[in-house]
Amino acid sequence: MALGGNPIFNGKNFRGAKQAPPVPQNPYGNPYGQQFNQAPGRAPSQVMDGHAAWSAQQQNMTNEQLQQMYNQPAAGPADTGRMTYDDVIMKTVMCLVVLVLGAGVTLFVAPAMATMLMIVGALGGFVLALVNTFKKQPSPALILAYAGLEGLFLGGLTRFLDAMYPGVGLQAVIGTLAVFGVTLALFKSGKVRATPKMVRFFMIATIGYAVFALINLVMMWTGAVQEPFGLRTSVEIFGIPLGVFIGILAIGLAAFSLIMDFTSIEEGVRAGAPERYSWTAAFGLTVTLVWLYVEIIRLLAILRGDD
């Protein structure tokens with residue numbers, strides 16, 4: 001896969017974890033295709049002693065025990081400490097549950113407290129996102145803490161926008177789930193893939209979007225524009241707010257980011273990445289889903305405000 005997607009999956013730690021592990025060697029006999037005196041790092045006598053010990057152990061076993069041992073299925077990824085799809089699913093669900101709990105806090109506390117918690121969640125979530133992205137080893141506690149802080153932010157944002165435009169919160173949740181489901185189905189069918197050409201387009205479009213968002217934020221802070229969404233609503237094209245076009249582009253970028261996330265997870269599972277990196281995968285998916293939700297609820301608010 002070409003680089004340029006979610007920085008969490010493109011970090012050297014997760015990419016290094018996707019490198020194919022070395023072929024395990026038989027601890028009691030010779031490695032495949034080697035003579036006993038060619039075992040790397042082991043003296044011939046050590047290898048022969050191990051082989052003799054294993055033979056002696058077999059001789060002490062009954063026929064039933066030997067047959068039962070040979071009939072056992074081969075060890076799977078979960079048995080060998082490797083990342084599996086089930087691991088990623090379970091840890092992603094855990095992150096989303098913590099996120100929803102955090103959102104529930106800001107949805108039901110006093111308005112002034114909700115605003116403060118939303119700011120704390122936004123700033124704290126941003127800091128922990130950076131920490132988790134560049135951390136050498138994934139930390140479940142920090143990843144779950146990030147999910148909780150983002151929940152505070154999303155709950156406060158949803159409460160604020162839903163008070164202005166009733167119903168946008170529920171619509172945004174449904175929209176996020178719909179985009180996620182469709183994206184996953186298209187990826188599983190093989191109809192949409194993160195090709196190098198698509199990744200290059202994604203990179204260019206994402207950089208352009210980030211520059212626009214930064215300019216818009218500065219103009220809002222300095223009072224250059226008075227609209228609640230800045231240039232998104234103060235500029236119109238053929239009578240349609242600029243934010244509608246920008247929002248559709250951003251949702252498309254977030255959806256394609258999910259495709260790249262799925263690709264990275266698939267590569268990690270196939271390469272036998274260590275099980276602990278399923279937390280990294282869950283963190284990456286959570287970050288993308290948060291981005292997708294923010295873009296959808298903002299687009300819905302702009303559309304409702306233009307009625």
Side-chain angles (χ1 to χ4, degrees), residues 6-9 11 13-14 17 78 83-111 113-162 168-181 183-184 254-255 257-258 261-262 264-265 268-269 273-298:
N6 194 327
I8 297 162
F9 292 104
N13 296 322
F14 190 83
M83 185 173 78
T84 66
Y85 292 115
D86 288 342
D87 291 332
V88 176
I89 292 171
M90 290 303 298
K91 290 173 175 59
T92 302
V93 169
M94 290 174 63
C95 288
L96 295 179
V97 167
V98 173
L99 189 148
V100 170
L101 291 175
V105 173
T106 46
L107 284 173
F108 296 105
V109 298
M113 178 63 70
T115 302
M116 184 183 70
L117 290 176
M118 180 179 71
I119 297 173
V120 170
L123 296 177
F126 176 74
V127 171
L128 282 186
L130 295 177
V131 171
N132 285 312
T133 298
F134 297 106
K135 204 173 185 302
K136 290 184 178 181
Q137 298 291 337
S139 170
L142 291 179
I143 290 172
L144 291 175
Y146 162 81
L149 288 170
E150 284 298 330
L152 295 178
F153 166 66
L154 294 184
L157 178 65
T158 302
R159 181 172 181 170
F160 174 74
L161 292 178
D162 203 72
V168 294
L170 179 59
Q171 293 168 3
V173 171
I174 295 174
T176 301
L177 294 176
V179 172
F180 178 82
T183 304
L184 180 60
S257 183
L258 283 173
D261 293 352
F262 297 150
S264 296
I265 293 170
V269 171
E275 187 271 339
R276 63 180 178 273
Y277 285 98
S278 59
W279 278 107
T280 303
F283 171 55
L285 284 174
T286 304
V287 170
T288 304
L289 288 172
V290 168
W291 177 24
L292 178 62
Y293 178 83
V294 170
E295 297 298 345
I296 289 178
I297 196 171
R298 179 161 49 198

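- Aromatic pair F180/Y293: centroids not less than 6.0 angstrom apart.
- Although no hydrogens or angles enter the test, the distance criterion places a donor-acceptor pair under 3.5 Å between the side chain of D162 and the main chain of G169.
- L117 approaches L152 most closely through the heavy-atom pair O-CB, 3.7 Å.
- How far CD of Q137 is from CG of L142: 13.0 Å, rounded to the nearest 0.5 Å.
- Here CG of N132 is found 9.0 Å from OH of Y146. Values are rounded to the nearest 0.5 Å.
- The distance from the CG atom of L128 to the NZ atom of K135 is 11.5 Å, given to the nearest 0.5 Å.
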- Message: If you apply the rule side chain to side chain contact (heavy atoms under 4.5 Å, CB included), what do you find for V109 with M116, and how did you get there?
- Response: CA-CA 11 Å; V109 298; M116 184 183 70; over 6 Å; no
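- Taking all atoms of both residues into account, the shortest heavy-atom contact from A172 to I296 is CA-CG2, 3.8 Å.
- Scanning both residues, M83 and I265, for their nearest heavy atoms gives CE-O, 3.8 Å.
- Taking both residues in full, the closest heavy atoms of W279 and K91 are given as NE1-CE, 3.1 Å, listed atom of the first, atom of the second, then distance.
- The local environment of OH in Y85 is crowded, with over 12 non-hydrogen atoms from other residues, nucleotides or ligands closer than 6.0 Å.
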- Message: With side chain to side chain contact (heavy atoms under 4.5 Å, CB included) as the criterion, how do V287 and T133 come out once you've worked through the C-alpha distance, each side chain's angles and the decisive distance to 0.1 Å?
- Response: CA-CA 10 Å; V287 170; T133 298; over 6 Å; no
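- The heavy-atom pair separating I297 from V168 by the smallest distance is CG1-O, 4.1 Å.
- Distance OG1/T106 to CZ/F153: 10.5 Å, rounded to 0.5 Å.
- At least one donor-acceptor pair under 3.5 Å links the side chain of T115 to the backbone N or O of P111.
- The line from CG of L101 to CG of L96 is 11.0 Å long, rounded to the nearest 0.5 Å.
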- Query: Passes side chain to side chain contact (heavy atoms under 4.5 Å, CB included), V290 versus L99? Steps please.
  - Reply: CA-CA 10 Å; V290 168; L99 189 148; 3.7 Å; yes
- Message: Is there a side chain to side chain contact (heavy atoms under 4.5 Å, CB included) between D261 and S257? Walk through the geometry before answering.
- Response: CA-CA 6 Å; D261 293 352; S257 183; 4.2 Å; yes
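- For A282 against V88, the heavy-atom pair with the smallest separation is CB-O, 4.4 Å.
- One distance of note links OG1 of T84 with CE of M90; it measures 10.5 Å at 0.5 Å rounding.
- Side-chain contact between V127 and L123: absent, with no pair of heavy atoms (C-beta onward) separated by less than 4.5 Å.
- Two residues are said to be in side-chain contact when any heavy atoms from C-beta on lie closer than 4.5 Å; F283 and C95 fail this criterion.
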